[in-house]
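Below is one structure; the comments refer to it alone.
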Amino acid sequence: MAAAAEVVAVSTSGSHLVVEQAQSGSVEAFERLYRENVDRIHALCLRMVGDPASAEELTQDVFVRAWQKLDGFRGDSQFSSWLHRLAVNVVLTQRRSDGRRSARVMISDDPGQYDRGDRPAPVGERMDLEAAMATLPEGPRMVFVLHEVEGYTHDEIAEMTGRAQGTSKALLHRARHMLRERLER
Amino acid sequence: MNCTNISAETLNDFADGLLSGPEREAAERHLAECESCRAELSSILELRERAAALPRSIAPSRDLWSEIAGRIEEERVVALDSRRRRRLTGIPPVWLAAAAALLLIALSSGVTAYLIGGGQPAGTPDGYTAAPQTSPSASAGSAALVAFRPTEQEYEGAAEELMVELDSKRHLLSPETVEVIETNLRIIDEAIAESRAALEADPGNADLPGQLSDVHRKKVELLQHAVQLPVSI
């Protein structure tokens, strides 16, 4: 399902030319790339980390990183797809280096531990899916976002997270179970 | 899950189309007989559909560009400073003075364009803003740039021809001279970008097309000076 990870560019008017201009050092061109892609990248960051303030910081990090790595874009895919993959790596790397407990247990080989670490969901209030996703522990949430929302395959998720495909599947199943419980309350 | 005849993992894999052959057939046979598992499968599929239907884009609460641009600029300044530490020798004093003058003019044009444009975020002192705000007049701003485009293309064409000529003799110039030329070209290109952004943000400002023309003209003048420089033999 690699095709699902291909993001359709918001604007195709001379996108490759704009990328080339940005690669040549044009900040104006890079700003255009930012404006074409920021909402998409922010959505990814927000859902992966579940916190608006962190999501905005990470969104900035993604674009700064993209500026630094622009030469690495070879044009063999859509720029938006390249940027999206870079964003996933930035988020995962940031969470790994974060000293918080949630980063340490982010992608674990023991999905069962997430029974003990998730945030309590509000009782007596029907949750929407976005709110329910934000209450998931980080590991299951990230895999759910990458697989169910963003369309990455388990192979791709495994490659990005450095974990086994089986772990990715187990975390996804766990996320689905938790979400269904919370959405049905 | 109430049924013990099929694992949750198998049910999820079935929902994801990951089963094949005998394994898939066995699951299909079981689902045909088990209402509990069919309900479970339906629940999984519904969740998948809801997730897939979520909006792919969510705008941040504010425009993040100014901070991103600031961080990018910090990196560019650091990179430029590291190159400026190299000693510049053998550059005619007249050329250095001309380059410095062009640098100053280019920077002034960029700052002036924004001051005239009046694009100031709330609560900030007079100054230039790096982030043109999206506004209802965005189409008017684009139209202003489109209207200026024929003039801009003439300048760009002239600059391009001079760049080709400069490239042909670049290897005959000293590295220090090349660095000064490239530095000034980058600064002028930024000034052009800033002037364009100012025009797009404030299309009703009659001074801005002239500002943009001035910066383009200065780029052409810089390139004309550069191609006329004496070369090393």
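Below, read A as the first sequence line, B as the second, and so on, with proteins coming before strands; counting in each chain starts at 1.
- A donor-acceptor pair is defined here as one N or O able to donate and one able to accept, closer than 3.5 Å; no such pair exists between the side chain of A:Tyr34 and the backbone of B:Ile68.
- At least one side-chain heavy atom of A:Leu179 sits under 4.5 Å from a side-chain heavy atom of B:Leu47.
- Nearest heavy-atom pair, B:Arg48 versus A:Arg176, reported as atom, atom and distance to 0.1 Å: CD-NH2, 3.4 Å.
- The contact between B:Asn12 and chain A is made by backbone and side chain atoms together, counting heavy-atom distances below 4.5 Å.
- Residues meeting the salt bridge (charged side-chain N to carboxylate O under 4.0 Å, His left out) test with B:Glu156, sequence neighbours left out: B:Arg149.
- Applying the side-chain hydrogen bond (donor to acceptor under 3.5 Å, both in side chains) rule to B:Ser42 yields no partners; only residues at least two apart in sequence or on another chain are considered.
- Counted within 6.0 Å of CD on B:Glu73, heavy atoms from surrounding residues, nucleotides or ligands total more than 12; the atom is thus considered enclosed.
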Report task. Start with the C-alpha gap between A:Glu56 and B:Arg62, add the side-chain angles, then the distance that decides, and say whether salt bridge (Lys or Arg N to Asp or Glu O under 4.0 Å) holds. Result -> CA-CA 9 Å; A:Glu56 292 190 353; B:Arg62 57 192 176 81; 3.4 Å; yes

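- Between the NE2 atom of A:His173 and the OG atom of B:Ser7 there is a distance of 9.0 Å, given to the nearest 0.5 Å.
- Counting heavy atoms from C-beta outward, B:Glu74 and A:Val64 have side chains that stay 4.5 Å or more apart.
- When side chains are defined from C-beta on, B:Asp189 does not count as touching A:Ser26, because their heavy atoms never get closer than 4.5 Å.
- The minimum heavy-atom distance linking A:Glu148 with B:Ala51 is given by the pair CB-CB, 3.7 Å.
- Both the backbone and the side chain of A:Phe30 come within less than 4.5 Å of a heavy atom of chain B.
- Counting only N and O atoms by type, the side chains of B:Ser57 and A:Arg40 include no donor and acceptor under 3.5 Å apart.
- For the pair B:Arg56 and A:Glu150, the minimum side-chain heavy-atom distance is below 4.5 Å.
- Within the 4.5 angstrom heavy-atom criterion, no atom of B:Ile192 approaches chain A.
- For A:Leu44, no part lies near chain B; criterion is any non-hydrogen pair under 4.5 Å.
- Counting only heavy atoms from C-beta outward, the side chains of B:Glu194 and A:Val27 never approach each other to under 4.5 Å.
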Query - Step-by-step side-chain contact (heavy atoms from CB on, under 4.5 Å) determination, B:Arg71 to A:Asp61 - result: CA-CA 9 Å; B:Arg71 289 171 64 179; A:Asp61 292 344; 3.0 Å; yes

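- Annotation: maximal heavy-atom pairing with chain A below 4.5 Å, among B:Leu18, B:Ile58, B:Asp13, B:Leu54, occurs at B:Ile58.
- The shortest side-chain heavy-atom distance between A:Asp39 and B:Pro60 falls under the 4.5 Å cut-off.
- Across A:Glu28, A:His154, A:Gln60, A:Lys169, the residue that shares the most heavy-atom pairs under 4.5 angstrom with chain B is A:Gln60.
- A salt bridge between A:Arg180 and B:Glu40 is present, with a side-chain N of the basic residue lying under 4.0 Å from a carboxylate O of the acidic one.
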